[in-house]
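Written out below as structure tokens is the structure these notes cover.
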There are 2 protein chains.
Amino acid sequence: MTYTLAMNEPTILKIDPQQDIASQLRKVGITPTQQRVQIAEILFSRPRHMSADQVLAMVNRDGPIASKATIYNTLGLFARKGLVREVIVDPSKVFYDSNTAVHHHFFNEDTGELTDIPSHELLLTRLPELPPGTEAAGIEVIFRLRSQDAAS
Amino acid sequence: MTYTLAMNEPTILKIDPQQDIASQLRKVGITPTQQRVQIAEILFSRPRHMSADQVLAMVNRDGPIASKATIYNTLGLFARKGLVREVIVDPSKVFYDSNTAVHHHFFNEDTGELTDIPSHELLLTRLPELPPGTEAAGIEVIFRLRSQDAAS
DNA sequence: CTGCTTGCAAAGGCTTTGCAGAACA
DNA sequence: TGTTCTGCAAAGCCTTTGCAAGCAG
């Protein structure tokens with residue numbers, strides 16, 4: 001049962017919003033363009049779950065900074081580099097999670113809201129054997145929720 | 001920790017491919033049209049994970065039976081009635097799982113293949129407290145896999 | 001300079017929708 | 001016969017792509 005560790009270890013890359021963003025991006029092999037730095041500032045100001053659209057809106061809140069294509073390029077790049085995690089819970093769009101620590105999610109299907117499950121509140125025991133010829137790339141646990149008062 | 005039970009119990013609706021499909025559909029409040037019966041026959045011939053596209057292809061293998069619109073209508077209907085479970089693991093398409101028993105999945109990102117995790121091979125202990133005002137609608141555990149030889 | 005990035009618009013893929021004709025009860 | 005369902009094509013959404021202009025080092 002060591003593959004969970006082997007799997008998560010290399011992903012723990014973290015951007016500290018207090019430090020210089022540009023040099024942190026360089027450190028992980030990303031050329032720090034103006035757009036990338038601004039996107040990183042938003043994503044890593046605190047742990048967030050954002051769709052590409054939300055990032056686009058927030059980046060350009062005070063004037064045009066980055067185009068839609070650049071948002072997608074950058075989010076994809078950050079994901080490949082392990083700075084954000086893609087969370088697939090909604091068939092209509094991908095969420096990008098700037099919290100790279102091991103944790104899981106609640107997804108409220110009524111509100112579309114994605115929230116963290118504190119990792120100590122969930123325990124996975126007895127992990128399954130992986131199919132032959134495969135290696136673990138990630139574990140996701142999603143609790144789908146409904147708002148109690150919602151008229152389904 | 002009783003909400004897991006409360007959550008899964010109502011979903012255990014099962015179509016037996018050996019019995020008359022039409023009357024089983026009626027029993028859950030679905031008018032058994034020719035198209036729906038044929039789609040059900042494919043889905044419930046055995047536990048399956050299929051995309052809408054795959055269902056479309058298989059239904060029409062021996063001549064035109066159902067259109068794309070009807071496939072989507074029917075799969076959505078079956079999902080609402082609890083006959084199939086929607087599995088969201090691939091941002092590009094939804095999978096429909098005709099196995100309604102409680103279980104979890106491996107998803108091979110290289111091959112796009114979705115397979116079951118025998119439920120006894122995975123144990124969730126210490127379930128999280130749900131956010132106030134919400135109720136559980138489902139739990140999903142997804143192990144993302146890579147093929148070991150794949151050139152990422 | 002030289003290559004990597006950006007941005008625009010167009011294209012793509014999956015899913016939904018509108019509406020006329022057909023099937024079900 | 002009234003209601004529900006089907007099918008076609010068009011529309012919608014999110015995401016990707018092509019390519020010329022711009023920026024980083």
Side-chain angles (χ1 to χ4, degrees), chain A residues 20-40 42 49-60 63-81 83-84 86-96 109 112 114, chain B residues 20-42 49-60 63-81 83-84 86-96 107 109 112 114:
Chain A
D20 180 51
I21 300 265
S23 55
Q24 291 179 82
L25 290 179
R26 255 193 215 95
K27 229 168 275 173
V28 295
I30 295 173
T31 304
T33 67
Q34 188 194 148
Q35 288 85 344
R36 288 168 179 176
V37 170
Q38 303 250 13
I39 293 168
I42 285 169
H49 306 108
M50 302 180 81
S51 65
D53 226 49
Q54 293 176 307
V55 175
L56 178 67
M58 195 161 285
V59 166
N60 297 320
I65 300 293
S67 69
K68 188 181 291 192
T70 298
I71 300 293
Y72 279 102
N73 282 339
T74 301
L75 290 172
L77 177 64
F78 284 6
R80 278 196 306 284
K81 294 294 185 178
L83 299 181
V84 297
E86 294 183 330
V87 182
I88 321 256
V89 283
D90 182 335
S92 78
K93 58 175 175 282
V94 174
F95 283 97
Y96 293 86
E109 303 193 324
L114 189 66
Chain B
D20 181 50
I21 300 265
S23 55
Q24 292 179 82
L25 290 179
R26 258 197 210 88
K27 229 169 275 175
V28 296
I30 295 173
T31 303
T33 66
Q34 188 193 145
Q35 288 83 346
R36 288 168 179 174
V37 170
Q38 302 251 12
I39 292 168
E41 270 172 8
I42 284 169
H49 306 108
M50 301 181 81
S51 65
D53 226 49
Q54 293 175 308
V55 176
L56 178 67
M58 196 162 283
V59 167
N60 297 320
I65 300 292
S67 70
K68 188 182 291 193
T70 297
I71 299 294
Y72 278 102
N73 283 339
T74 302
L75 290 172
L77 177 65
F78 284 7
R80 279 196 307 284
K81 295 292 187 181
L83 299 181
V84 297
E86 294 183 329
V87 182
I88 321 277
V89 285
D90 182 334
S92 78
K93 57 174 173 285
V94 175
F95 283 96
Y96 294 86
F107 180 62
E109 304 194 323
L114 189 66

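All heavy atoms count here, side chains included; hydrogens, waters and symmetry mates do not.
Closest approach of A:Arg36 and A:Phe78 over heavy atoms only: O-CZ, 3.8 Å.
Residue A:Ile65 is in sugar-phosphate contact alone, with no base atom involved, counting any heavy-atom pair closer than 4.0 Å across all strands shown.
Across the protein-nucleic acid pair, A:Arg36 atom CZ and D:dG25 atom P stand 10 Å apart, rounded to whole Å. Atom CD of A:Gln54 and atom C1' of D:dT15 are 16 Å apart (whole Å). Taking atom NZ of A:Lys93 as the reference point, atom P of D:dG12 lies 18 Å away to the nearest angstrom. Atom CG in B:Leu75 sits about 12 Å away from atom P in D:dT6, given to the nearest Å. The distance from atom CG of B:Leu25 to atom P of D:dT4 is 18 Å, rounded to the nearest whole Å. Between B:Gln35 atom CD and D:dT4 atom P there is a gap of 17 Å when expressed in whole angstrom units. The separation between A:Ile30 atom CD1 and D:dA24 atom C1' is 15 Å, rounded to whole Å. At whole-Å resolution of the value, CZ in A:Arg26 and P in D:dA24 are 10 Å apart.
Between B:Gln34 and B:Ser51, the residue anchored nearer the 5' end of DNA chain C, judged by the nucleotide with its closest heavy atom, is B:Ser51. Along DNA chain D, the nucleotide closest to B:Lys68 and the one closest to B:Pro91 are compared, and the more 5′ of them pairs with B:Lys68. The residue among B:Pro32 and A:Asn73 whose nearest nucleotide of DNA chain C lies closer to the 5′ end is A:Asn73. Where B:Thr31 and B:Ala69 meet DNA chain D, the nucleotide closest to each residue was compared, and B:Thr31 sits on the side nearer the 5' end.
Interface limits on DNA chain C: the 5'-most and 3'-most nucleotides within less than 4.0 Å of chain B heavy atoms are C:dC14 to C:dA25.
In this structure, CG in A:Leu56 is found 8.0 Å from OG in A:Ser67, a value given to the nearest 0.5 Å. In this structure, CD1 on A:Ile30 lies 8.5 Å from OG1 on A:Thr74, to the nearest 0.5 angstrom. The distance from the CD1 atom of B:Ile42 to the CD1 atom of B:Ile71 is 7.5 Å, given to the nearest 0.5 Å. Atoms CD and OH, on A:Glu86 and A:Tyr96 in that order, are 4.5 Å from each other to the nearest 0.5 Å. For the atom pair B:Asn73 CG and B:Gln35 CD, the distance stands at 10.5 Å (nearest 0.5 Å).
Side-chain N/O atoms of B:Asp90 and B:Ser92 include a donor and acceptor closer than 3.5 Å.
Between B:Ser92 and D:dT15, a side-chain N or O to OP1/OP2 separation shorter than 4.0 Å is absent. Close to D:dT15, at under 4.0 Å from its OP1 or OP2, lies a side-chain N or O of A:Tyr72.
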